[in-house]
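My structure is below; once you've seen it, I'll send some questions.
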Amino acid sequence: MNDDLQSRLNRFRFLALVSGVIGIVLCVVGAFINTQRFFISYLFGYLFWLGLALGCFAVSMIHHLTGGRWGQVTRRFQEAGFMTLPVMALLFVPIFFGLKHLYPWAQPVKVAADTILQHKHAYINPSLFIMRAIFFFIIWIVMAFLLRKWSLQQDKTTDVTPTRRLRTLSGVGIVIYALTVTFAYIDWVMSIEADWYSTMFPVIICIGQILTAYAFSIMVLTYFSKYQPISETVTTTQFHHLGNLLLTFVMFWTYISFGQLLIIWSGNLPHEISWYLHRIAGNWKVIVWFLFLFHFFLPFFSLLFRPTKQHPRTLVKLAAIVFVAHMVDVYWMIAPSFYPTGIHLSWMDFAAPIGVGGIWIAIFIYNLKGPLLIPQNDPRVEYSLAHGK
Amino acid sequence: MADVVTNKTISPAAPKHAPSHTVANIKVVAPPAELAREPLVGNQRSIGWISDAIAGVAEGKTPMWWWMAFVPSVILMTTCFTMIVYLVSVGVGVWGPGHPVMWGWAIINFVWWIGIGHAGTLISAILFLLRQKWRTSINRAAEAMTIFAVMCAGIFPLIHIGRVWLGWWLFPIPNSNGIWPQFRSPLMWDVFAVSTYFTVSLLFWYMGLIPDLAVMRDRAKTTIRKFAYGLFSLGWTGSNRHWSNYEKAYLILAGLSTPLVLSVHSIVSMDFSVSQLPGWHTTIFPPYFVAGAVFSGFGMVLTLLVPLRRLLKLEDIITVRHVELMCKVTLATGSIVGYAYAMEFFIAWYSGNPYERYAFINRAVGHYAWGYWIMIGCNVITPQLFWFKKIRQNMMIVFILSIFVNIGMWFERFVIVVISLHRDFLPSNWGFFRPTWVDILTYLGTFGLFFTFFLLFLRFVPIIAIGEVKAVTPQADPHHPLGGAKEGGHH
């Protein structure tokens with residue numbers, strides 16, 4: 001890494017850290033002013049950035065399994081992304097103190113009045129919620145450390161053992177990722193609405209995370225492509241492939257989101273439709289239109305064209321749009337449950353994502369600075385470089 | 001076969017120690033042996049050999065085994081048509097469905113066959129867009145399978161309407177009664193989805209065939225063959241401009257086919273999921289049906305190609321690596337299907353809805369529990385065996401497991417259709433379902449239809465895309481020692 005980039009990153013990290021700390025301090029102040037409001041905003045801000053970390057986790061495993069030139073130049077970014085998981089685990093702790101502000105099943109009065117909550121109580125109650133969350137984080141962190149460790153080991157040796165280990169772990173890991181995220185997000189998001197359920201919902205979460213990770217990778221890669229050593233390696237091909245992947249996951253997100261809507265709309269059953277009724281009530285409709293335009297319409301139609309994907313400058317704008325749109329999507333999944341009549345913004349809705357995000361980005365940059373930015377000795381990477389141009 | 005001789009003088013296709021050079025400050029060497037990819041065409045077969053081997057299948061004397069397969073297939077196909085005539089002349093009452101299971105084998109068979117078709121479209125369209133070169137050895141046969149499977153599937157919805165002669169009412173034609181189809185019904189969308197699917201698949205398949213039909217024309221020894229292949233190869237000369245247009249058209253058709261992989265089976269899944277019936281109404285249905293369709297399709301591709309590669313001596317073109325990769329796709333899609341089963345079950349409990357819960361408990365321990373456990377055994381356990389390389393490389397085991405996949409996916413539709421319908425909300429509305437001999441013979445008959453067409457395809461059309469396979473050989477790569485304008489490059 002050259003000095004110019006190094007000093008820029010240092011400055012960036014400092015800025016991120018400062019805004020992160022300010023955001024967190026503001027959140028703490030907010031928690032004393034309006035406790036429930038703080039937890040809602042914090043859950044939103046936290047889950048968005050956790051989703052990015054988990055998305056990086058999934059994408060790096062996808063790459064270990066499938067190969068492809070796009071992954072070799074972005075792998076270190078994804079690793080730096082999922083290596084935020086230990087700190088993200090610590091940042092989850094505040095949520096343990098806000099269960100009764102967030103979840104109906106944690107409020108004895110509501111449980112007493114609702115037979116469905118009583119039925120679910122054996123599975124979803126404060127102590128099991130906490131235990132499961134700890135369990136999921138342990139699995140994620142152990143796997144993240146192994147993925148990182150072997151990837152860095154491969155830098156130092158031409159022996160292929162680390163790569164083979166990475167592939168084996170990723171095969172099992174992608175299954176574990178799907179299962180853990182499924183049950184984690186049933187606890188953390190689906191259970192916010194007491195009676196609501198949808199088998200598609202965890203899939204929408206997973207795809208959203210992977211989509212965010214691709215958008216993020218494109219943004220970081222574009223920035224780094226101005227500096228050595230990435231500037232010497234990256235070509236339009238990698239951007240083209242990443243653009244295609246972004247398009248694929250934009251389509252996939254739209255497909256499953258629309259599928260869920262269509263099936264619930266046509267069934268029109270009270271326990272199911274209420275989720276959407278809360279999310280289209282009053283000026284929440286503005287958010288729906290926003291998501292339609294920027295989570296689907298604009299990126300979809302722009303990314304269909306090859307020049308868009310081969311031009312990093314255009315591609316990065318679309319990636320940024322998708323990134324922001326997904327943040328709004330996470331907000332839309334959480335906040336309307338508490339404000340089912342319309343948007344109810346608070347300054348904490350900005351403080352929380354900035355606070356968590358600042359810290360996330362500071363750790364991300366810290367993780368980038370150690371190892372070489374382009375993984376070395378990966379047999380398939382070298383093969384693809386030699387034969388792929 | 002002429003250039004086998006020249007090959008002897010050429011260095012191996014993947015040199016063990018490629019000279020290391022530097023690209024962007026990184027030392028570049030060939031991958032170590034264990035990570036090197038097996039070549040897509042085995043034994044360094046030459047371009048001439050590829051043409052001979054593939055075209056040879058459709059030339060020469062008809063082998064005995066072909067007749068032994070063809071005659072029973074035609075008999076079965078005739079049975080299918082006889083059953084249809086019987087059904088149309090007597091009425092749909094000759095089938096098993098009745099209250100409360102108003103949808104029986106007809107819809108099961110429809111969904112089963114159409115699901116099988118999805119592997120062909122996935123291979124030809126999505127794997128093309130993903131630049132998966134291994135698809136070239138299997139896409140032609142898989143696309144043919146798609147077309148014949150969709151034909152088998154299409155029979156059932158058409159004849160189950162009862163009065164077949166009014167089938168055209170399904171199309172939005174303003175007829176004299178002023179009756180319009182119900183556009184909000186997924187059954188209506190099915191009509192458009194399936195007919196589009198068939199049309200695009202057929203076009204895609206035929207377009208891909210044109211250069212190979214020209215090869216057949218040029219090799220033909222009789223006037224009739226020359227004329228017939230000449231007619232269908234549309235004057236293909238293999239000129240640069242022809243290939244350029246061909247590649248563009250291929251990309252466009254691949255792009256058009258890609259959404260069809262998702263849309264057709266998503267809409268089929270909505271036939272069930274837009275209702276309110278427990279076991280049908282669940283949001284994961286569209287992607288779960290698509291994964292199941294691809295799963296069953298790859299099962300059928302394996303069932304067909306594993307024995308065929310041996311019978312037709314095409315092991316160097318459809319290599320063990322190809323079979324392994326197909327097993328991996330089966331593993332991935334089978335795992336998604338397993339995930340969906342688990343989610344349905346968990347959410348049925350989580351929902352706290354007694355009807356949902358009952359529907360799933362009834363699947364596992366009710367009257368038709370055997371169907372459910374066959375489904376779990378075949379669809380959840382079978383694909384998990386493909387984690388092991390030893391199993392993926394054992395052709396006999398792969399063949400047997402692929403048949404389990406086919407069986408399992410038929411039972412999945414049986415579970416969804418029959419078990420969900422036979423006990424819904426009201427116990428007074430419960431009942432049983434039993435297929436009649438007409439049901440069984442019609443279904444068996446569609447195998448006859450499928451195999452008759454598939455066997456004819458084997459005998460008359462190159463079953464592997466000759467031109468595409470050649471394009472992934474080392475000879476086609478100008479940077480390869482074997483390729484470009486060097487030895488072996490002048491064919």
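Remember, predicted model here, so these are calculated numbers, not experimental data. Convention: sequence-line order gives letters A, B, ...; per-chain numbering from 1.
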Which bit of A:His271 comes within less than 4.5 Å of chain B, counting heavy atoms only: side chain, backbone, both or neither?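 For A:His271, neither part sits under 4.5 Å from chain B.
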
When rounded to the nearest 0.5 angstrom, what distance separates CE in B:Met343 from CZ in A:Phe201?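 One gets 10.5 Å once the value is rounded to the nearest 0.5 Å.
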
Kindly compute the distance separating CD1 (B:Ile347) from OG (A:Ser198), expressed to the nearest 0.5 Å.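 Rounded to the nearest 0.5 Å, the CD1-OG separation comes out at 7.5 Å.
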
Below 4.5 Å from any heavy atom of chain A, which atoms of B:Leu262 appear? Answer side chain, backbone, both or neither.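 Contact with chain A involves both backbone and side-chain atoms of B:Leu262.
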
Heavy-atom proximity to chain B below 4.5 Å, by part of A:Thr115: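 No part of it gets close to chain B.
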
Check the angle between the aromatic planes of B:Phe346 and A:Tyr123 and answer parallel, tilted or perpendicular using the 30° and 60° thresholds.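 Geometry flag for A:Tyr123 against B:Phe346: perpendicular rings.
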
Pick from A:Val203, A:Thr182, A:Thr248 with the largest number of heavy-atom pairs that fall under 4.5 Å of chain B: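 Among A:Val203, A:Thr182, A:Thr248, the one with the most close pairs to chain B is A:Thr182.
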
Distance from B:Ser351 atom OG to A:Asp195 atom CG, nearest 0.5 Å?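 If we round to the nearest 0.5 Å, B:Ser351:OG and A:Asp195:CG are 10.0 Å apart.
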
Interface residue of largest heavy-atom contact number with chain B, from A:Leu117, A:Thr199, A:Ile204, under 4.5 Å: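 Ranked by heavy-atom pairs under 4.5 Å with chain B, first place is A:Thr199.
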
A:Glu272, part contacting chain B, at a heavy-atom distance under 4.5 Å: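 For A:Glu272, the side chain is the part near chain B, not the backbone.
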
When only pairs under 4.5 Å are counted, which of A:Ile186, A:Leu179, A:Ile256 shares the most heavy-atom pairs with chain B?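 Most heavy-atom pairs under 4.5 Å with chain B: A:Ile186.
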
Tell me the residues of residues 258-269 of chain A whose non-hydrogen atoms fall below 4.5 Å from those of chain B, in number order.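 Residues A:Gln260, A:Leu262, A:Ile263, A:Ile264, A:Trp265, A:Ser266, A:Gly267, A:Leu269 are the ones that qualify, each having a heavy atom under 4.5 Å from chain B.
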
B:Tyr350, part contacting chain A, at a heavy-atom distance under 4.5 Å: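 Contact with chain A is through both the backbone and side chain of B:Tyr350.
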
Hey, what do you get for CE (A:Met200) to OG1 (B:Thr282), rounding to the nearest 0.5 Å?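 Atom-to-atom, A:Met200:CE and B:Thr282:OG1 are 8.5 Å apart.
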
Give, as side chain, backbone, both or neither, the part of A:Met251 having an atom under 4.5 angstrom from any heavy atom of chain B.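 For A:Met251, no heavy atom lies under 4.5 Å from chain B.
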
Best-contacting candidate, B:Ser335, B:Ser266, B:Ser275, against chain A by heavy atom pairs under 4.5 angstrom: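 Result: the option with the highest number of such pairs is B:Ser266.
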
For chain A, the option from B:Arg184, B:Lys328, B:Glu344, B:His281 that forms the most heavy-atom pairs under 4.5 Å: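 Of B:Arg184, B:Lys328, B:Glu344, B:His281, B:His281 has the most heavy-atom pairs under 4.5 Å with chain A.
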
Look up atom CG in B:Asn353 and atom NE2 in A:His119, then write down how far apart they are to the nearest 0.5 Å.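 The distance works out to 9.5 Å.
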
Tell me, side chain or backbone of B:Trp387 under 4.5 Å from chain A's heavy atoms, or both, or neither?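 When you check distances to chain A, only side chain atoms of B:Trp387 fall under 4.5 Å.
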
Search all heavy atoms of B:Tyr339 against all heavy atoms of A:Ala178 and return the closest pair with its distance.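 Minimum heavy-atom separation between B:Tyr339 and A:Ala178: CE1-O, 4.3 Å.
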
